[in-house]
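Below is one structure, written out as structure tokens; comments come after it.
Per chain, numbering begins at 1; letters A, B, ... match sequence-line order.
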Amino acid sequence: MTSLTSTIRHKAAEAFLALFPDSGITPEDITINETKPEFTGDYTIVLFPFIKKLRQSPEALGEQLGQRLVAGDPLFTAYEVIKGFLNLTVQDSYFIGFVKDHYKDAGFGKHAPKDAAIMVEYSSPNTNKPLHFGHLRNNFLGWSVSEILKENGYRVIKANLVNDRGIHICKSMIAWMRYANGTTPESTGIKGDHLVGDYYVKFNDAYKAEIAELTAQGKTQEEAEKEAPIMQEAQELLRKWEAGDPEVYSLWKKMNGWVYEGFDITYKALGLDFDKYYYESDTYLLGKHLVEEGLQKGILFKKENGSVWIDLTEDGLDEKLLLRADGTSVYMTQDMGTAQLKYNDYHTQKSIYVIADEQNYHMQVLRLIMQKLGEPCADGIYHLSYGMVELPSGRMKSREGTVVDADDMIAEMISLAKAQTESAGKTEGFTDEELEALYKTIGLGALKFYLLRVEPRKKMIFNPAESIDLHGFTATFIQYAHARICSILKKNEGWEDRITALDISNQPLATLEKAILLHLEQYPQIVAQAADEYNPSVLCNYAFKLAQSFNSFFDKHSIIRAENDNIKTVRLLLASMTASILKRTMGMLGIQVPERM
RNA sequence: GGUUCCGUAGCUCAGUUGGAUAGAGCAACAGCCUUCUAAGCUGUGGGUCAUUGGUUCGAAUCCAAUCGGAAUCACCA
């Protein structure tokens with residue numbers, strides 16, 4: 001179905017052409033805004049762009065156009081010209097017909113399947129420590145963008161590229177070997193990712209102590225950092241791992257296994273899922289053949305010591321290393337190979353990387369290199385860059401113990417939801433299981449909404465002391481509106497039977513009713529916009545505004561005590577559709593909405 | 001120094017391809033529950049849209065410069 005704004009655009013263009021046959025005005029030339037609340041009307045056509053060309057005053061042009069539209073089309077019932085703006089009032093029966101047709105139309109706002117696959121890589125954790133609050137933003141963003149794209153008709157592959165190898169894991173391994181005495185998640189009852197993370201912290205403590213000792217012996221800081229035994233052991237471990245040492249390999253597998261068990265618990269708690277896992281231990285050697293090809297094509301060059309580079313100075317960037325002098329690859333090389341692998345696996349039209357903005361440069365270079373190499377995946381590479389989550393004291397540093405742990409945060413939000421529900425005295429009539437589920441819905445909803453409501457690009461500061469609110473621009477607000485509507489619908493069981501008797505043409509709408517309907521009508525455009533911008537915050541804002549307009553309506557107008565059955569049916573229709581659109585919008589954010597709260 | 005991003009109310013943020021007197025939430029203050037869930041609603045106060053210039057009928061939005069902040073520019077990942 002076409003949107004109302006697009007319909008108005010077309011009708012206005014027709015009217016323009018009828019009045020001024022030579023004007024050549026097309027629907028795309030016409031700017032349409034929502035009419036500001038202080039004026040009467042629903043949508044507004046901006047007249048300024050045409051006055052010069054048509055040699056008309058804004059007032060005269062508005063009058064002619066308004067008269068023609070209102071006289072010639074039942075869609076419009078009134079117009080008003082103020083300054084250079086033509087405010088049009090849309091017929092009430094249009095909106096009533098709209099809500100009657102779509103109030104339980106699951107296809108409304110869902111876009112037809114496209115023959116295109118998009119991969120969304122997100123989460124991509126390191127396996128040496130548990131997830132922290134900052135990672136949550138990544139996870140929620142990636143998951144939500146995937147769902148938004150699905151709703152827009154794309155085939156989506158959610159991918160997780162697990163960073164399961166490298167010096168950071170070796171650090172945890174060394175510390176575990178030195179200090180753990182064979183303890184495991186089972187023996188300690190500690191969640192696997194946390195256990196491994198504890199030894200990562202332990203490594204850094206021991207490392208620091210050794211550096212201090214060495215500098216006390218007269219070494220420089222730099223020497224001490226290099227020579228500290230524990231660091232040397234970690235590096236030795238990495239060499240052994242790369243050589244395929246069976247003992248090192250089996251410990252690595254064991255500890256990674258603990259971490260995966262831990263991650264799975266967290267992912268499950270958050271409702272996150274993946275269609276495809278990639279592991280860096282499988283992909284870290286990829287990309288070398290691309291370097292070879294690039295050398296042959298003369299796109300890359302070799303320095304005297306044998307290292308391979310690409311010159312990006314013409315693009316305003318630097319020279320970038322792709323192969324070390326000893327022939328080993330670097331991070332970029334690996335990412336080149338992985339980009340190609342992903343493309344070959346799924347023939348994706350687009351490949352989205354949900355990665356923090358600290359890697360903007362890296363991603364810019366990756367795309368550029370692939371373009372220069374003429375790889376077919378190159379143009380589809382899209383970096384969904386997001387700002388880091390910081391504490392009032394600055395960035396979270398796991399080495400300094402300033403991280404807000406994801407699991408702790410989840411638990412805290414759920415208990416906050418519990419405390420609020422209990423203090424509001426809203427636990428009556430629920431079983432214990434229902435309450436548990438409700439606290440999760442509210443707590444996790446608040447957490448997800450908090451991290452998704454801001455445009456991804458912007459960095460955010462999270463103040464744990466102030467915690468996360470459950471009032472105002474929050475998931476709770478929207479969930480509450482949904483629950484209230486459900487309660488009303490329940491009290492009006494059988495209301496749908498009266499829809500056939502509804503007199504569409506003879507039912508004037510109140511301003512607050514129309515405001516809701518205007519929002520509902522815009523839903524498909526919002527879903528499309530969120531996909532175009534890869535931006536879930538669009539949905540947060542939309543759901544909030546919709547809930548807000550329902551609340552205002554709900555406060556002023558009674559549904560049960562509506563003036564007559566006709567009005568009552570209309571109100572139930574729009575309440576019902578509001579609930580279902582809220583549910584669908586929140587669904588794309590990964591947030592559930594309760595029927596009671 | 002190069003590249004990229006950000007700067008809107010005390011705080012956190014919206015603000016569509018340029019359009020009317022720049023909007024929400026939080027915080028503050030004042031009201032609204034014998035009537036469908038008050039986790040709600042209504043109202044008040046609060047702004048040099050970082051600054052300056054330009055483009056135009058019109059700029060928070062586009063362009064340039066300046067100021068302030070962030071990330072990054074490793075034979076690390």
Using a cut-off of 4.0 Å on non-hydrogen atoms, how would the nucleic acid contact of [X] be classed: base, sugar-phosphate, or nothing?
{"X": "A:Asn492", "value": "nothing"}
{"X": "A:Glu38", "value": "nothing"}
{"X": "A:Phe477", "value": "sugar-phosphate"}
{"X": "A:Met597", "value": "base"}
{"X": "A:Leu323", "value": "nothing"}
{"X": "A:Val46", "value": "base"}
{"X": "A:Pro49", "value": "base"}
{"X": "A:His482", "value": "nothing"}
{"X": "A:Arg453", "value": "sugar-phosphate"}
{"X": "A:Gln334", "value": "nothing"}
{"X": "A:Thr328", "value": "nothing"}
{"X": "A:Ser552", "value": "sugar-phosphate"}
{"X": "A:Lys545", "value": "nothing"}
{"X": "A:Arg457", "value": "sugar-phosphate"}

message = Using a 5.5 Å cut-off between ring centres and planes within 30 degrees, is A:Phe39 stacked on the base of B:rA20?
response =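 It does: the two rings, one from A:Phe39 and one from B:rA20, meet the stacking criterion.
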Exercise: do [X] and [Y] side chains pair donor with acceptor under 3.5 Å:
{"X": "A:Thr40", "Y": "A:Glu80", "answer": "yes"}
{"X": "A:Asn566", "Y": "A:Arg498", "answer": "no"}
{"X": "A:Thr474", "Y": "A:Asp469", "answer": "no"}
{"X": "A:Asn126", "Y": "A:Asn163", "answer": "yes"}

query = Syn or anti for B:rC33, taking syn as within 90° of 0?
reply = syn
Length of the line joining [X]:[atom1] and [N]:[atom2], which is rounded to integer Å:
{"X": "A:Phe544", "N": "B:rG25", "atom1": "CZ", "atom2": "P", "answer": "6 Å"}
{"X": "A:Glu358", "N": "B:rA77", "atom1": "CD", "atom2": "P", "answer": "15 Å"}
{"X": "A:Tyr450", "N": "B:rG25", "atom1": "OH", "atom2": "P", "answer": "18 Å"}

Polar pair under 3.5 Å, donor/acceptor by atom type, side chain A:Thr44, base B:rA20 =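 Counting by modelled atom types and ignoring angles, a donor-acceptor contact under 3.5 Å is found here.
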query = So does A:Thr474 reach the base of B:rA39 with its side chain, donor to acceptor, closer than 3.5 Å?
reply = no
query = Toward the 5' end of RNA chain B, which comes first, A:His471 or A:Gln359, by nearest nucleotide?
reply =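 Nearer the 5' end of the strand: A:His471.
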ask   = For B:rA20, does either OP1 or OP2 sit under 4.0 Å from a side-chain N or O belonging to A:Lys36?
value =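 Yes, such a contact exists.
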query = Is there a side-chain polar atom (N or O) of A:Arg395 under 4.0 Å from OP1 or OP2 of B:rA70?
reply = no
ask   = A:Asp335 pairs by side-chain contact (heavy atoms from CB on, under 4.5 Å) with which of A:Val330, A:Leu366, A:Thr283?
value = A:Leu366
ask   = Considering every strand shown, what is the Watson-Crick or G-U wobble mate of B:rU52 when both distances are under 3.5 Å?
value =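 Per the H-bond distance test, B:rA64.
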note = The Watson-Crick or G-U wobble partner of B:rU21, with both key distances under 3.5 Å, is none
inquiry  = Does any part of the side chain of A:Phe449, heavy atoms only, come nearer than 4.5 Å to the side chain of A:Thr476, both counted from C-beta?
reply    =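 No, too far: nothing below the 4.5 Å cut-off.
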inquiry  = Could you tell me how far B:rC13 sits from B:rG31 if I compare only their P atoms? Round to whole Å.
reply    =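 These two P atoms come out 32 Å apart once rounded.
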